[in-house]
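For reference, the structure is listed below as structure tokens.
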Amino acid sequence: MGLDHPAAWLVTGAEVIAWCVIGMGLLQNGLYLWQLTLAWRALRRHGPSAEPSQLWRRYAETAPPISLLAPAYNEEKTIVESVRSLLALHYPSFEVVIVNDGSTDDTLKVLTEAFELEPLQRDYELIVPHAAIRALYGAPNQPRLVVVDKDNGGKADALNAGLNLSRSLIICSMDADSLLEPDALLRAVRPFIDDPERVVAVGGTIRVANGCDIEGGRVTRIGAPRNALALLQTVEYLRAFLMARLAWSEASCLLIISGAFGLFRRDAVMRVGGYSLGTVGEDMELVVKLHRYFRGEKLPYRISFMPEPVCWTQAPEDIVGLGRQRARWHRGALETFSAHRDMLFNPRYGRVGFVGFGYMLLIDVLGPFVEIAGYLLVPSLWLLGLLDTDYLYAFLAISFAYGVLISVAALALEESLLRRFPDVNTLMRLMLAAVAENFGYRQLNNIWRLRGAWEFLTRQQRWGTMTRLGFNRAGAPSPAP
Amino acid sequence: MTALTAIWIVAVVLAAGALLWMSALIGLRLVHQRGAVRDLADRHAVQAALLGALQGDGDVGLALRPYEGDAHLMALSLLDFVTLLQGPDLETVVETLRKAGVEEVLRQGVVAGAGDARLACIEALGAFNSPKSLLVLWRAASDASPATRLAALRSLLQAGGGVSIAEVVSRLRMENLPPGGSTADLLRMVVEADPDGAVAALEDSDPLPPSAQAMLLEGLGAAGAYAALPTMVSSLSAEDPKVRAAAAVALGMLRHPAAEDSLRKAMDDPASIVRSAAAEAIGAAGLEGLAGTLEDHLRDSAWSVRFEAAAALAKLDPPQVGASDEMADPQRTATG
């Protein structure tokens with residue numbers, strides 16, 4: 001069949017489209033396999049670390065003071081339990097700064113009653129911008145606790161207020177509704193002890209708390225969620241943290257430290273102007289600003305990820321809330337990419353510009369469009385007889401078989417080297433989830449990412465609402481009222 | 001076979017391989033699960049036996065026998081007691097373990113072990129001081145891993161293995177030890193044992209890296225080495241602000257009135273970290289004669305200096321505290 005025949009052009013066009021989709025998929029999966037290899041190597045090298053008592057013996061004398069910054073907005077259901085849990089962390093020297101970001105519920109009232117808060121005076125300097133502070137409170141029986149009551153300004157704004165008020169060399173940003181494991185700070189602070197001159201930020205692992213038993217603000221038994229969506233997210237978080245972030249840390253290209261749990265050198269954060277206001281991806285934005293500053297100034301620095309310190313978080317259990325969260329995350333990533341697009345392939349920013357931003361372009365910016373286009377076009381073109389069955393098989397392999405490989409291998413990585421899940425039943429459920437997430441959930445995620453891209457393009461700034469469920473029932477979060 | 005065929009065949013084989021790998025791990029977990037329960041029981045049994053030794057139980061050797069060969073278990077058990085006990089009680093525990101042959105087991109753990117288990121054996125071996133153990137620790141002090149070298153030097157120091165200040169300083173010069181908090185902690189222990197050696201190292205014609213100088217100075221301050229006062233004073237003129245700040249901190253720790261003039265000058269240092277360190281030192285040393293200088297710095301351009309000056313004034317004469325309270329008004333400071 002010659003190319004001058006209209007059908008030949010159609011076939012060639014279809015094949016070009018199919019090869020673009022397959023090539024993109026191959027590249028994406030190749031990158032995932034590379035991440036898997038790096039993560040495997042890193043975990044093998046570090047091995048399981050010491051038990052908490054040994055860590056305390058080794059590092060308690062040298063661990064620097066930490067200010068925990070926890071913004072709270074309408075958290076009346078969970079805030080007291082979360083603060084009690086934070087105050088009971090095993091760390092030699094820390095303060096807990098709760099920033100009530102203009103809550104419209106009784107967050108401040110429940111805190112005041114539970115901790116008998118009284119007005120407090122504290123000298124601070126307005127180094128990074130934030131909305132007006134109304135009052136500061138301290139607890140006579142809890143000298144480590146400081147509560148800041150301020151006008152609403154968003155999470156970044158609240159963190160900036162906490163930054164100005166904090167007095168430690170290291171700050172830890174987190175969500176007020178998340179739970180840190182008791183030894184999480186001691187594990188996460190190690191890079192700052194080992195390399196205090198260069199380390200500017202350290203991220204820890206976020207894990208899904210749904211399905212775990214929680215008592216007194218502590219995870220007392222790790223379990224797999226009963227809710228299908230939360231179970232799929234458990235595997236997804238494993239892949240994101242244990243594989244991707246560890247690999248990026250190994251490659252010195254880590255572009256995001258989760259807002260739910262990250263440690264930063266306070267002076268470094270101040271130098272880049274604190275958290276950027278008016279973005280929903282303030283956590284990623286901050287890390288990119290740090291890369292930009294230190295690489296731009298040619299200063300030595302390190303941004304690391306530690307897999308062992310764990311912060312537990314509630315995963316959304318309804319599809320609407322999850323979709324909204326994922327769209328927001330994607331919008332945040334695109335905002336950061338857009339704000340720092342001059343770093344892309346810019347030699348001044350080294351591998352961060354080439355590898356980190358190149359990956360963002362491929363996976364975050366182009367990825368959802370190409371994948372969705374692939375799902376629509378390749379089967380359609382095959383049904384129209386414009387593509388051979390080999391194309392369809394290759395596309396299905398790229399879309400599903402490699403997905404299963406990556407998800408199951410990430411779980412195997414966890415089980416081989418960390419072994420945090422309690423029993424065989426949990427592991428079997430997670431293995432099934434690792435397979436299942438590739439058939440529907442991943443595609444749904446791409447649709448949510450497209451929605452995030454649309455919101456970014458149309459400059460929508462809403463955060464959406466998120467129902468706080470509370471951690472007060474063993475085995476599962478309590479139902480929303 | 002075309003490229004397209006290869007893509008899906010490879011994908012299916014790899015996915016099947018991952019599923020098999022995970023299935024095997026699930027199988028292995030069944031074995032590990034029992035092992036974890038047994039490990040915990042063993043740890044409790046060893047702890048009970050050692051508590052028995054403290055209470056004069058004569059059958060401790062028999063109770064320990066099933067666990068003697070497990071270097072990691074014995075190391076962790078001993079370290080639990082090292083953290084809690086000292087003096088004759090600790091000696092009783094160490095002697096019990098020595099009689100049970102644990103020292104040799106720990107040495108094997110250092111020579112043949114890996115990862116955190118090996119590190120724990122190195123740390124536990126610091127409780128013993130036989131020449132064989134010291135030799136094993138000295139070998140570990142030349143390990144490729146900085147964490148292992150550091151742990152071995154600490155254990156040698158605890159075991160009286162003759163870690164000199166010259167040894168540590170020479171390692172710092174060669175960047176053989178990481179310039180972090182754990183090294184500073186080791187250095188503090190070495191300086192405490194030989195402050196004169198630390199002074200000699202600081203006054204060496206071949207200057208140490210600034211981070212090492214700072215660690216030595218703070219070690220001298222923590223050791224209360226009054227003979228080092230002139231060295232600390234001269235370090236206040238060092239080129240690196242971190243060294244100057246460390247010298248100020250060290251002078252504060254000495255609490256010697258002779259530091260007054262030097263700390264007054266340090267309060268005018270161009271680097272804010274030196275001024276805030278000097279303010280902190282004045283408060284720590286209780287140098288009331290410098291209250292006026294501190295008050296002047298309540299309007300310093302750097303927040304950290306203002307904060308430290310106010311905190312130092314609060315530690316001095318109570319009437320001065322009013323000035324710090326005035327500065328401590330958050331709204332006032334926030335609005336400039």
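The basis for the numbers below is simple: all heavy atoms, side chains too, and nothing from hydrogens, waters or symmetry mates.
Both the backbone and the side chain of S23(B) come within contact range of chain A, each with at least one heavy atom under 4.5 Å from a heavy atom of that chain. Proximity to chain B (any heavy atom under 4.5 Å) is shown, for L396(A), by neither the backbone nor the side chain. Interface remark: R154(B) contributes no atoms to any contact with chain A (heavy atom separation under 4.5 Å). Proximity to chain B is limited to the side chain of L26(A), based on heavy atoms less than 4.5 angstrom apart. The parts of D423(A) that come within reach of chain B are both its backbone and its side chain, each placing non-hydrogen atoms under 4.5 angstrom from that chain. Using a 4.5 Å cut-off between heavy atoms, P422(A) touches chain B through its backbone atoms (N, CA, C, O) alone. Neither the backbone nor the side chain of W56(A) comes within less than 4.5 Å of any heavy atom in chain B. If you measure heavy-atom distances from Y59(A) to chain B, the contacts under 4.5 Å come from the side chain alone. Residue contact with chain B, scored on non-hydrogen atoms closer than 4.5 Å, is absent for I127(A). Heavy atoms of L76(B) lying under 4.5 Å from chain A belong to its backbone as well as its side chain.
Looking only at side-chain heavy atoms (C-beta outward), Y402(A) and V10(B) come within less than 4.5 Å of each other. The shortest side-chain heavy-atom distance between Q54(A) and T83(B) does not fall under the 4.5 Å cut-off. Put simply, the side chain of R58(A) reaches to within 4.5 Å of the side chain of L119(B), judged on heavy atoms. Between Y393(A) and L4(B), every side-chain heavy-atom pair lies at or beyond the 4.5 Å cut-off. Here the side chains of L19(B) and V435(A) are in contact, with some heavy-atom distance below 4.5 Å.
The greatest number of non-hydrogen atom pairs below 4.5 Å with chain A, out of S182(B), G115(B), S211(B), is found for S182(B). The candidate from P196(A), P64(A), A18(A) with the greatest count of non-hydrogen atom pairs under 4.5 Å with chain B is P196(A). Note: G181(B) leads P146(B), G181(B), A184(B), S304(B) in heavy-atom pairs under 4.5 Å with chain A. Heavy-atom pairs under 4.5 Å with chain B peak, among I406(A), N29(A), V408(A), at V408(A). Contact tally against chain B (heavy-atom pairs below 4.5 Å) for S416(A), S53(A), A434(A): the top residue is S416(A).
Expressed to the nearest 0.5 Å, how far CE of M22(B) lies from CG of L430(A) amounts to 7.5 Å. Within the model, atoms CZ of F307(B) and CZ of R122(A) stand 7.5 Å from one another, a figure rounded to the nearest 0.5 Å. The CZ atom of R57(A) sits 4.0 Å away from atom CD of E123(B), with the distance rounded to the nearest 0.5 Å. Atom CD of residue E61(A) and atom CE of residue M189(B) lie 10.0 Å apart, to the nearest 0.5 angstrom. Expressed to the nearest 0.5 Å, how far CH2 of W8(B) lies from OG1 of T389(A) amounts to 11.0 Å. Rounded to the nearest 0.5 angstrom, L25(B) CG and E414(A) CD are separated by 10.5 Å.
Environment of CD in Q47(B): crowded, with over 12 heavy atoms of neighbouring residues, nucleotides or ligands closer than 6.0 Å. Shown here is W40(A), whose CH2 atom has more than 12 heavy atoms of other residues, nucleotides or ligands within 6.0 Å. Within a 6.0 Å radius of CE in M428(A), other residues, nucleotides and ligands contribute 12 heavy atoms or fewer.
Judged purely by atom type and a 3.5 angstrom limit, R306(B) has no side-chain atom pairing as donor or acceptor with the backbone of Y124(A).
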Check: How far apart are the C-alpha atoms of Y391(A) and I7(B), what are their side-chain angles, what is the distance that settles it, and do they pass the side chain to side chain contact (heavy atoms under 4.5 Å, CB included) test?
Finding: CA-CA 10 Å; Y391(A) 282 97; I7(B) 287 170; over 6 Å; no
Next item on the list: Please test I26(B) against E415(A) for side chain to side chain contact (heavy atoms under 4.5 Å, CB included), starting from the C-alpha separation and ending with a verdict.
Entry: CA-CA 8 Å; I26(B) 290 176; E415(A) 176 58 14; over 6 Å; no
